[in-house]
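The first residue in the sequence is number 1, and the count goes up from there. Keep in mind that the numbers below use all heavy atoms, side chains included, and drop hydrogens, waters and symmetry copies.
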Amino acid sequence: MDVHRCRFVNYQPSAINALAFSHPKPKSSKHAASAKLAVGRANGDIEIWNPLNGTWHQELVIRGGRDRSIDGLVWVNEPDQDLGDGRVVIGKSRLFSIGYTSTVTEWDLEKGKPKRHASGQHGDIWCIAAQPSAPGQESQKLVAGTINGELVIYSVEDGDLNFQRVLVKSTTKKSQMVSITFQSRKVAIVGCSDGTVRAYDMSGKLLRRMTVGADLVNGSKDVIIWCVKCLPNGDIVSGDSTGEVCIWDGKTYTQLQRMSSHKQDVLSLATSIDGTSILSGGMDRRTYLHKKDDQWAKAWGRRYHDHDVKAMASFEYGRTSVVVAGGPDSNLVIIPLREMGREKHRTISNLPQQPAIVSASKSRFIISWWEREVHIWALPHNAEEIRDKSPNTPTLNQNRKLLKTIVVKGDSNISSATVNEDGTLLIVSTATDIKAFRLEHQDPVKPSDLKLSSLDLPAKLTSSGASHVRLSPDSKWLCIVQEGTRVLVAKLDWTAVENEDPKISLHAQKLTRLRRNIPKWVAQGGLGGYDRNITHVAFAADSAMLATADLAGYIDTWVLEDTAQPSQSSGEDEAEDDASEDSSDEDEDEAAVEGRWARNSNGKLLPKLPSAPAVLSFSNSSDVLLAITCNWNLLAFDPRKGSLTRWSRQHPRKALPAPIQDLLDHAKGVLWQGERVWVYGVSYLLMLDMSQNIAEPTDENGSSAVQLASGTKRKRKGPTSGAGGDMGGEAPFARNYRKYVNGEWEDVQMEEAPGREDDSDVESENGAELSQLRNGDETGDMSASGERMSWWITHKYRPIFGVVPLNTTEKSIEVALVERPIWDVEMAETYYDSDKWRGR
């Protein structure tokens with residue numbers, strides 16, 4: 001496989017401003033299984049993550065928009081409903097956010113969009129907290145603090161959201177409400193910008209005003225209480241702009257202890273469920289663990305982040321005990337709480353789980369997007385031309401061209417994009433619109449040759465936007481997923497008249513999904529039909545079959561039929577509940593379309609996936625459908641038969657080689673080369689030959705012959721608390737880093753681990769490389785025993801943003817592998833202490 005190693009494709013991740021678990025301290029295994037982590041980012045995006053016993057899967061991304069920001073998140077959980085006989089329906093979970101405006105927003109996770117907004121006659125909201133629930137007292141309130149020193153109450157009763165009243169109105173605007181938490185159902189604790197921590201009851205009465213005192217180190221008079229938390233015994237913990245963590249007695253409201261923890265502001269706090277541990281994160285990029293013996297004291301400290309530690313959230317249930325932290329460096333860091341100092345942390349890349357990059361292989365275009373921008377790149381010359389050393393051969397640096405940058409009109413960020421193989425049609429979707437562009441170009445591609453024109457689409461089809469759009473390989477069909485669960489397939493008709501703008505018409509058909517008889521008490525806890533959100537769409541190579549997969553693990557398939565043939569779909573009893581709504585306007589065009597889509601008659605035989613899918617893809621040489629789940633089950637289906645393939649039956653998860661089973665990062669995508677499939681994640685590139693039995697190689701004694709030095713990872717030892725595993729020895733692997741020498745940054749590569757062989761023929765120039773990986777076929781290298789390799793893995797490339805094909809044949813494949821190293825990410829300025837090693 002020829003690899004164009006690219007670092008010039010832009011992608012700017014957004015800072016993490018807020019974190020919140022729906023069930024930070026679950027009461028039962030059902031609550032723990034339904035627990036979700038909400039991540040709020042500075043560009044207005046909200047991500048929903050599932051801890052999945054330590055696998056941390058990004059399930060849903062609700063796109064934000066221009067001038068929007070998520071600066072606070074809070075969940076409200078309604079009481080459980082007991083149906084008897086041990087059947088319990090988990091109470092509904094509702095997610096609310098603020099964004100430094102006077103508005104509170106509730107989010108519809110089933111449809112992936114805002115559900116309702118509420119605002120009142122008050123200043124911008126800076127902090128928000130939910131009133132704790134109590135048995136027999138079902139109603140809960142949201143209490144928010146404003147920039148004008150007000151406390152306001154919002155009601156969430158009866159599934160609604162309404163501004164109720166101003167609880168506290170400040171006589172002066174010098175004091176802002178910066179942080180808030182609840183000590184009990186009747187007492188709210190507020191951190192203010194005047195150096196005070198205040199306790200209010202729910203009638204608005206000030207119970208106590210606690211002052212932290214002056215800044216003894218820097219002499220500042222303006223002390224800000226950035227964060228407050230309450231321990232189970234009622235004691236209060238505060239973190240302020242002096243870098244100190246203060247402990248307050250929960251009964252007398254007096255200061256018990258004052259600890260100088262950080263060199264700069266303490267921005268976030270997290271506490272353990274038993275109240276014996278406090279974690280603090282600061283502007284000095286440090287995270288400290290505080291433990292109590294006779295008094296509270298620092299027990300552990302480390303720098304996990306490259307920037308401020310702005311947000312923290314804890315989650316504890318059973319063996320799982322972690323704190324999730326984030327900030328302007330945009331990476332999620334999973335820190336062990338109970339086992340801190342004995343287990344490793346885990347950093348989850350800021351790159352999206354579903355790559356924001358596609359390619360037009362026949363025209364050699366690479367198209368990437370973030371927020372509202374689309375970038376079109378071209379790699380005009382193939383690998384053979386670059387390897388040619390003639391004088392006219394282009395250099396690697398000359399083999400990349402930015403052809404166009406498109407800024408999509410509107411306020412919503414891009415949710416999905418797709419392009420046909422010829423690179424002539426580009427479809428871009430947001431939460432509110434779908435846009436189409438025609439690309440006119442010649443071969444070879446030159447920037448001046450690319451002409452871009454917008455195509456008008458029917459308003460009735462595009463008014464609801466789309467979460468996913470996908471063009472079929474023959475460019476005749478467009479699949480659109482709206483509101484998470486609604487599937488449309490549109491027939492594309494081109495009309496090109498000389499001296500006139502090209503026109504495109506869509507004749508849409510609504511597809512019905514199979515009915516899944518899921519009892520209400522078994523369904524996704526607290527989130528209704530959230531788990532039926534479609535996350536993956538795939539067309540077969542011949543464009544005659546379509547498949548979708550949802551978070552619950554159900555796969556639906558449809559086949560393309562001639563309109564003259566009777567439909568193969570079963571009776572109406574198999575139609576999905578949400579698909580039996582009143583018919584849409586698009587159905588009236590169905591008869592005018594040549595060919596129609598019907599449910600695959602054997603689609604109901606496809607089993608439910610063991611967990612949510614990470615990848616769904618059809619083979620390019622057959623109708624084999626490959627699904628890779630979040631817990632690394634590789635399932636290959638024959639959809640027309642409704643069964644697993646022979647290879648898949650012979651290779652359950654436990655039969656895969658240990659280096660594959662031990663991968664922590666989820667699969668992000670696959671590329672097919674005949675029977676060989678290339679799987680990539682953020683930190684690895686893996687090859688599996690599905691025509692062979694995949695077995696871990698052994699030496700003469702029958703023991704594993706896999707060398708850790710070849711890029712595989714050592715198997716994790718023992719159970720973990722949900723972070724990165726115990727602190728055992730790890731095998732070294734090659735890693736690139738940057739070194740500051742004589743006022744300039746230099747790229748340095750660490751020495752290769754002993755016994756590692758060079759597996760590439762590399763030429764580097766300004767962040768671009770051309771590599772030739774081992775294929776293990778008749779034209780490539782064989783394994784040590786002289787046999788064709790059945791699997792192969794490397795961790796050489798990282799972090800991988802995406803891998804897209806430029807040319808594919810049965811015997812060879814050419815791809816563009818896009819990396820986004822940390823030093824290419826722009827971040828805001830931060831505080832630098834004496835041991836700061838790099839500025840941004």
Side-chain angles (χ1 to χ4, degrees), residues 1-11 355-370 373-406 417-428 437-453 471 473 475 502 620 669 671-673 678 680 685 760-773 775 797 800-820 824:
M1 180 169 71
D2 291 316
V3 178
H4 294 265
R5 194 172 180 180
C6 310
R7 290 182 178 174
F8 50 83
V9 178
N10 297 328
Y11 178 80
I357 183 172
V358 293
S359 69
S361 57
K362 293 183 179 179
S363 58
R364 304 180 64 83
F365 286 174
I366 302 174
I367 298 173
S368 66
W369 64 90
W370 84 88
E373 294 185 11
V374 179
H375 296 262
I376 304 176
W377 292 84
L379 297 178
H381 304 283
N382 59 37
E384 293 297 329
E385 293 174 340
I386 294 175
R387 291 195 187 97
D388 182 9
K389 300 301 182 180
S390 64
N392 296 327
T393 300
T395 64
L396 285 172
N397 200 34
Q398 294 171 341
N399 192 38
R400 64 171 187 257
K401 298 176 182 179
L402 178 60
L403 303 180
K404 290 289 182 181
T405 297
I406 305 172
T418 182
V419 66
N420 62 355
E421 293 183 353
D422 295 329
T424 56
L425 177 62
L426 173 65
I427 308 290
V428 179
F437 303 93
R438 183 184 182 187
L439 309 177
E440 298 179 73
H441 54 83
Q442 298 178 355
D443 192 22
V445 178
K446 297 181 180 179
S448 59
D449 290 340
L450 183 64
K451 296 181 180 179
L452 181 70
S453 56
L471 280 168
S475 306
N620 57 8
L671 298 100
W672 292 87
Q673 183 185 357
W678 295 84
Y680 69 90
L685 181 62
S760 62
D761 179 18
V762 180
E763 178 185 354
S764 301
E765 185 173 332
N766 295 336
E769 289 187 357
L770 176 64
S771 306
Q772 187 175 22
L773 296 182
N775 285 316
Y797 309 104
I800 298 177
F801 176 59
V803 182
V804 291
L806 297 177
N807 186 23
T808 303
T809 63
E810 282 289 331
K811 293 187 177 181
S812 66
I813 180 172
E814 185 180 0
V815 302
L817 187 149
V818 180
E819 296 173 290
R820 290 295 295 165
D824 284 346

Within a strict 4.5 Å, meaning less than it, do heavy atoms of the [X] and [Y] side chains meet?
X    : Y    : answer
T405 : V374 : no
N399 : H4   : yes
I406 : I376 : yes
N620 : Q673 : no
V428 : W369 : no
P473 : E421 : yes
I366 : R400 : no
L671 : Y680 : yes

State the [atom1]-[atom2] distance between [X] and [Y], to the nearest 0.5 angstrom.
X    : Y    : atom1 : atom2 : answer
N10  : W377 : CG    : CH2   : 6.0 Å
K362 : L806 : NZ    : CG    : 14.0 Å
L450 : K401 : CG    : NZ    : 11.5 Å
T418 : L471 : OG1   : CG    : 4.0 Å
F365 : L426 : CZ    : CG    : 10.5 Å
I367 : K404 : CD1   : NZ    : 13.5 Å

Of all the heavy-atom pairs spanning [X] and [Y], show the shortest one and how long it is.
X    : Y    : result
S361 : P805 : CB-O, 3.7 Å
N420 : A360 : O-CB, 3.3 Å
H441 : S363 : CE1-CB, 3.7 Å
S453 : E440 : OG-OE2, 4.5 Å

- Task: Describe, in one word, how the ring planes of W370 and Y11 are oriented to each other, choosing from parallel (under 30°), tilted (30 to 60°) and perpendicular (over 60°).
- Result: perpendicular
- Item | Verdict with supporting geometry, E814 and R364, side-chain contact (heavy atoms from CB on, under 4.5 Å) | CA-CA 10 Å; E814 185 180 0; R364 304 180 64 83; 3.0 Å; yes
- Query: Between V9 and H375, does a side-chain contact (heavy atoms from CB on, under 4.5 Å) hold up when you go through it step by step?
  - Reply: CA-CA 8 Å; V9 178; H375 296 262; over 6 Å; no
- Message: So, applying side chain to side chain contact (heavy atoms under 4.5 Å, CB included) with W678, which one of V803, V815, I813 is it?
- Response: I813
- Message: Let's go through C6 and L379 carefully: what are the C-alpha distance in whole Å and the side-chain angles of both, what is the deciding distance for side-chain contact (heavy atoms from CB on, under 4.5 Å) to 0.1 Å, and is it a yes or a no?
- Response: CA-CA 10 Å; C6 310; L379 297 178; 4.2 Å; yes
